[in-house]
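Notes to accompany the following structure.
Proteins get letters first, then strands, A, B, ... in listed order; numbering begins at 1 in each. Just so it is clear, the model here is predicted, and its values are computed rather than measured.
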Amino acid sequence: MNPADLSAALLTVVTGIVVRRGGTAELTVDDVALERPRNRDHGDWASNIAMKLAKSLGANPRELAQEIADAAAELEGVASVDVAGPGFINITLDAAAAGALAKTIVEQADAYGLGDLYRGVTINLEFVSANPTGPIHIGGVRWAAVGDSLARIFQSQGGIVTREYYFNDHGAQIDRFARSLLASWLGEPAPEDGYGGDYIADIAARVLTLYPGDLFHIPRDEQQEVFRAVGVELMFGDIKASLHEFGVKFDVYFHENELHESGAVNHAIDRLRELGAIYEADGATWFRSTDYGDDKDRVLIKSDGEFGYMSGDLAYYLNKRERGFERNLIMLGADHHGYVKRLMAMTAAFGDTPYVNLEILIGQLVNLVRNGEPVRMSKRAGTVVTLEDLVEAVGVDAGRYALVRSSIDSQVDIDLDLWGKKTNDNPVFYVQYAHARTHSVARNASGSGVERSAFDASLLDHETESILLGILAEYPRLLRQAAELREPHRVARYAEELAGAYHRWYDSCRVTPVGDEPVGDVHRTRLWLNDAVGQVLRNGLGLLGVSAPERM
RNA sequence: GCGCCCGUAGCUCAGCGGAUAGAGCAAUUGACUACGGAUCAAUAGGCCGGGGGUUCAAAUCCCUCCGGGCGCACCA
C-alpha cells in the first residue's frame, strides 16, 4: 500500500460523501494527496481534505472529518483512522500493507520511483554555456552540477532530454581571446581588454605545436586568425574534458557561428519583421519587445551594421524549435536575470507561449571564499578557481553533492580549503555511508545464511520500520515534485532523510541473527527492507550524479 | 529610482498554506568482546529580519519598511 493507492481509495470515499451531502466539488487525486505527518503519533499518513471542503459544504470540519474517517477505516490495509486537531484525518496502515512496499521496491529496482510527468515530451536543457575564452570557473560549475542533475530528473519522468551547451564562438570576446594568445606568443603584455593567466601561455604554446605551417612569416592578422581558430578548439577541448571528468556529458555543443554563417540570424530578424515587430531608428534595427512586456526595445542590428547581442538568441531559439523541442529551458546566473523579459517577449512575438515553450531558470551566484573572506575572481588577472581546482580539492562526488544540495535561489559559499580539509562536513558521506552499510549488512546476512527466500510484511512492525517505509513510499512523489519545480536539491535532502532513518533502523533492528539465534522470517524480511533502502539511495544518488559505493 | 533573489538554531542551509518549525556541522553527556562508531541516543540552542493584512490555519500568500546579493548599453 503506497500513498498513491491510498489517495485513490480515499478519493472514492470522499467523493461519495460529497455527493451524499449535495456538494458539487469536483475532486482529483491531488486534492486528497496525503502527507506524512511530522509527529509519529499522527499516524502514517494524514489528509486535510475535510478542512478544505468544510466551507463549501457548509459543514463542521471535524464532523466531516469523522464521517470520512469512519468510511476510510473500512479500506483494505488500513489499521485505524483518527480525527485530530481542527479536522486532520490521520491514517495508520497495518504493518503488512505498509511493509509490502519493501518487496515492491526490490523487484522494481532501478525503475522504482520513475514517473510519467513528461512522458514523450522533448526537452532542451541548456546550461553552463560558458565562453571558450578560459577554463570553466567555479560559477559555471554550479550549473554543471544542477543542470545535469535536473536533466536526469526529467528523464526519470519520461522526458526526452537533450543537454545542450551553447558555444559562443562569435563576437568580440573571442577576438580578445585571440589577441591575448597572440600577445602571449609574441611576449607582449596582455591586451587591455584581454585575458591573463597561465592558461593563455599554455594554449598559445599548444597552438604552435599544432599549426603545421610557418607561423612566423605570415601577416599579423593571419597569425591572430590561427590563434583564434586553433586556440578556441583547444580551449573548448579542455572545457569538454573537465566537464566529462565532472560526470557531465552534453548531447549537443551548439556553435553560435553556425547561426551567422547559415543566415539564420537574418532569417530570424526577417521573421520578426513579417510579424510587424521590427522598426528602424537612429540607423539601427530594433525589436519592439515592449509590445510583449519588455522594459525597453532591443537593438538587433547596430548602426555600425554589426548584429546586436540578442539577434543570435532569436535565431538560436527558432533553431531549437525547428529541431522539435516543445520545452526549452535555459539556466542562467543571477547576473543575467535581466534577460528574462526580453527572451519572453521574443517567445511571445514568435507566437509561442512564454514560460512554457521557453523557461529561464535563474540561479544565484556562488561566492568564492577563503578562510571566511570573499575572494574576487578575475579572468584577466588569472585569479580564477576552476572546475578542475574543485575536483582536485574535494573530488567529484563531494563537489557535485555540495553544489546540488542547496536551492538555486540561495547563494552558496565555496571555500576550497574548508571543503578540502573537513570533508566530513559534507552530508554526501552520510548518505554514501548509509548505502555502503546496506551492502555491508547484505554481505553479512548472506554469510549467516539469511536470504530473501521469504517475505512476511507483517513482521516489519518496529517503529523505525514504519518510519522507514513511510519515507520509501514518498520517493516517487518526491521525484515528480523535484521535476515539476525544477529543484534537484530536493532529491539530495530526501536522500539525507532516508539515510538518517536507515541508520536509526540499523541501530534497533538486526538483519543477521545474534549468536545461536536461528535464522527466521523476520531476518529474511528485514533483508528485503535493507535492500530496498539501498536501492532507493542508489537511485537517488544516481540522479545527482554521485556514486553509491558498496564499501568506503 | 526600477526589477529579480535572499534574510529561519552559534555556522551552513531545508521546510514555502496545515498539527509542538527541522537536518548537518559546532557544543555538552552517554552507547560497541552484537550485522563497519564515517553510526546511534540524549541535552542545549529560535519573537522564522521588523510591522501591517488575507485565512478556520502564515516561516510559507499580499502590502510596507530595514538589511544583503545581482541586474537595469547601439558590451558581450
Side-chain angles (χ1 to χ4, degrees), chain A residues 35 37-39 41-42 46-48 51-52 54-55 60-61 84-88 90 131 133 168 170-176 193 281-286 295-310 312 333-341 362-365 367 372 402 405-413 415 418 422-434 436-448 450 485 489-490 492-494 496-497 499-500 502-515 517 523 526-527 530 551-552:
Chain A
E35 57 183 41
R38 285 205 149 75
N39 191 330
D41 298 337
H42 296 146
S47 169
N48 60 6
M51 289 179 289
K52 282 184 178 166
K55 194 170 232 177
N60 174 305
F88 289 101
N90 296 329
N131 286 345
T133 56
N168 215 302
H170 186 272
Q173 298 204 24
I174 292 296
D175 290 339
R176 286 179 206 148
D193 55 356
D282 305 325
T285 300
W286 297 74
D295 297 321
K296 56 182 70 169
D297 292 339
R298 305 294 170 180
V299 169
L300 296 181
I301 305 175
K302 299 187 277 184
S303 52
D304 65 4
E306 295 287 316
F307 287 113
Y309 179 66
M310 191 182 177
D335 52 340
H336 288 74
H337 79 254
Y339 296 179
V340 175
K341 276 190 181 176
I362 298 295
Q364 298 304 305
L365 304 177
N367 301 312
R405 190 176 109 88
S406 299
S407 157
I408 61 168
D409 281 342
S410 70
Q411 298 178 25
V412 297
D413 292 339
D415 189 327
L418 188 71
K422 304 179 63 182
T423 47
N424 280 336
D425 280 351
N426 193 328
V428 71
F429 300 107
Y430 184 78
V431 176
Q432 286 185 317
Y433 180 64
R437 184 171 252 183
T438 62
H439 279 268
S440 169
V441 167
R443 284 191 296 268
N444 241 294
S446 178
S448 301
V450 179
L485 297 174
H489 76 271
R490 288 173 185 273
R493 305 323 275 232
Y494 173 85
E496 290 168 31
E497 190 185 3
Y502 174 73
H503 286 309
R504 270 162 243 135
W505 171 70
Y506 169 91
D507 207 53
S508 46
C509 297
R510 290 188 53 91
V511 173
T512 306
V514 185
E517 185 189 350
H523 305 109
R526 283 175 178 169
L527 182 57
N530 177 78
R551 285 189 170 84
M552 290 177 72

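B/G45 is unpaired under the Watson-Crick or G-U wobble criterion, no partner having all donor-acceptor distances under 3.5 Å. Base pairing analysis places B/C61 opposite B/G53; the two distances defining the Watson-Crick or G-U wobble pair are each below 3.5 Å. Summarising the base pairing, B/C40 is matched to B/G30 through a Watson-Crick or G-U wobble pair whose two defining distances lie under 3.5 Å. B/G24 is paired with B/C11 under the criterion used here, namely a Watson-Crick or G-U wobble arrangement in which both key atom distances are under 3.5 Å. Within the shown strands, B/G1 is the pairing partner of B/C72 under the Watson-Crick or G-U definition, both distances less than 3.5 Å.
A/S407 comes within contact range of the sugar-phosphate backbone alone, with a heavy-atom separation under 4.0 Å but no base atom that close. Counting any heavy atom pair closer than 4.0 Å across all strands shown, A/A46 reaches a base atom. Residue contacts shown for A/D295 are absent, as no nucleic acid heavy atom lies under 4.0 Å away. A/K341 comes within 4.0 angstrom of nothing in the nucleic acid, heavy atoms only. Residue-level contact check: A/S303 touches the bases, meaning some heavy atom is under 4.0 Å from a base atom. No contact: A/N530 has no heavy atom under 4.0 Å from any strand. Base engagement by A/N48 is indicated by at least one non-hydrogen atom pair under 4.0 Å involving a base atom. Backbone-only contact: A/V412 has heavy atoms under 4.0 Å from sugar-phosphate atoms and none from a base. A/A445 comes within 4.0 angstrom of nothing in the nucleic acid, heavy atoms only. A/D304 comes within 4.0 angstrom of nothing in the nucleic acid, heavy atoms only. Among the atoms of the strands shown, only primed sugar atoms or phosphate atoms (P, OP1, OP2) are found under 4.0 Å from some heavy atom of A/R504.
When the C1' atom of B/A14 is taken as reference, atom OH of A/Y430 falls 15 Å away, rounded to whole Å. Rounded to a whole Å, the CD1 atom of A/I362 is 13 Å from the P atom of B/C6. One interatomic measurement links the two molecules: CD of A/E496 to C1' of B/G15, which rounds to 13 Å at whole-angstrom precision. The CD1-P distance, from A/I408 to B/C4, rounds to 16 Å in whole Å. Between the NE2 atom of A/H336 and the C1' atom of B/C72 there is a distance of 13 Å, given to the nearest Å. Here B/C6 presents its P atom at 11 Å from CD of A/Q411, a figure rounded to the nearest Å. A straight line from OH of A/Y339 to C1' of B/C70 spans 12 Å, rounded to a whole angstrom. The distance from atom CZ of A/R437 to atom P of B/A38 is 8 Å, rounded to the nearest whole Å.
A parallel orientation is assigned to the rings of A/Y433 and A/H503, their planes being inclined by less than 30° (bins at 30° and 60°). Using cut-offs of 30° and 60° for the angle between ring planes, the A/H336 and A/Y339 rings count as perpendicular.
The closest side-chain heavy-atom distance from A/Q411 to A/N367 is below 4.5 Å. Under the 4.5 Å side-chain criterion, counting only non-hydrogen atoms from C-beta, A/V511 is in contact with A/W505. Contact of the A/L485 side chain with the A/R490 side chain is registered, since non-hydrogen atoms from C-beta on lie closer than 4.5 Å. In this structure the side chain of A/F88 reaches within 4.5 angstrom of the side chain of A/N48, judged on heavy atoms.
For the pair A/F88 and B/G18, the ring geometry does not qualify as stacking, because the centroid separation below 5.5 Å and plane angle under 30° are not jointly satisfied. Once the 5.5 Å centre distance and the 30° plane angle are applied, the aromatic ring of A/Y506 is found not to be stacked with the base of B/U39. Put simply, A/H42 rests on the base of B/A19: the two rings are less than 5.5 Å apart at their centres and nearly parallel, under 30°.
The residue among A/V514 and A/H337 whose nearest nucleotide of RNA chain B lies closer to the 5′ end is A/H337. A residue-by-residue look at A/G85 and A/G283 shows that A/G85 has its nearest nucleotide of RNA chain B further toward the 5' end.
Picking from B/C74, B/A19, B/A73 the nucleotide with the shortest atom distance to the side chain of A/A284 gives B/C74. Among the nucleotides B/G22, B/G18, B/G36, the one closest to any side-chain atom of A/P86 is B/G18. Closest approach to the A/R490 side chain among B/C40, B/C16, B/G36 is made by B/C16 (side chain taken as heavy atoms from C-beta onward). Comparing B/C70, B/C13, B/A76 by their nearest atom to the side chain of A/N168 picks out B/A76. When each of B/G37, B/U12, B/G15 is scored by its nearest atom to the side-chain atoms of A/Y433, the top-ranked nucleotide is B/G37. The listed nucleotides are B/C40, B/A23, B/U55; the one nearest the side chain of A/H503 is B/C40. Comparing B/U20, B/U39, B/G15 by their closest approach to the side chain of A/N39 singles out B/U20.
Separation of atoms CG (A/D409) and NE2 (A/H489) is listed at 8.5 Å; rounding is to 0.5 Å. Here the straight-line distance linking atom CG of A/D41 with atom CG of A/N90 works out to 10.0 Å at 0.5 Å rounding.
Cation-pi contact between A/R437 and A/Y502: absent, since separation from the ring centre below 6.0 Å together with deviation from the ring axis within 45° is not met.
Contact between the side-chain N/O atoms of A/S440 and the OP1/OP2 oxygens of B/G36 is found at a separation under 4.0 Å. Listed pair A/S410 / B/A14 meets the phosphate criterion, a side-chain N or O lying under 4.0 Å from OP1 or OP2. Within the 4.0 Å cut-off from OP1 or OP2 of B/G36, at least one side-chain nitrogen or oxygen of A/N444 is found.
Using atom P as the reference point in both B/U8 and B/G49, the two lie 6 Å apart (nearest Å). Comparing B/A21 with B/C25, their P atoms sit 22 Å apart, to the nearest whole Å.
Side-chain atoms of A/N131 stay outside donor-acceptor range of the base of B/A76, with no qualifying N/O pair under 3.5 Å.
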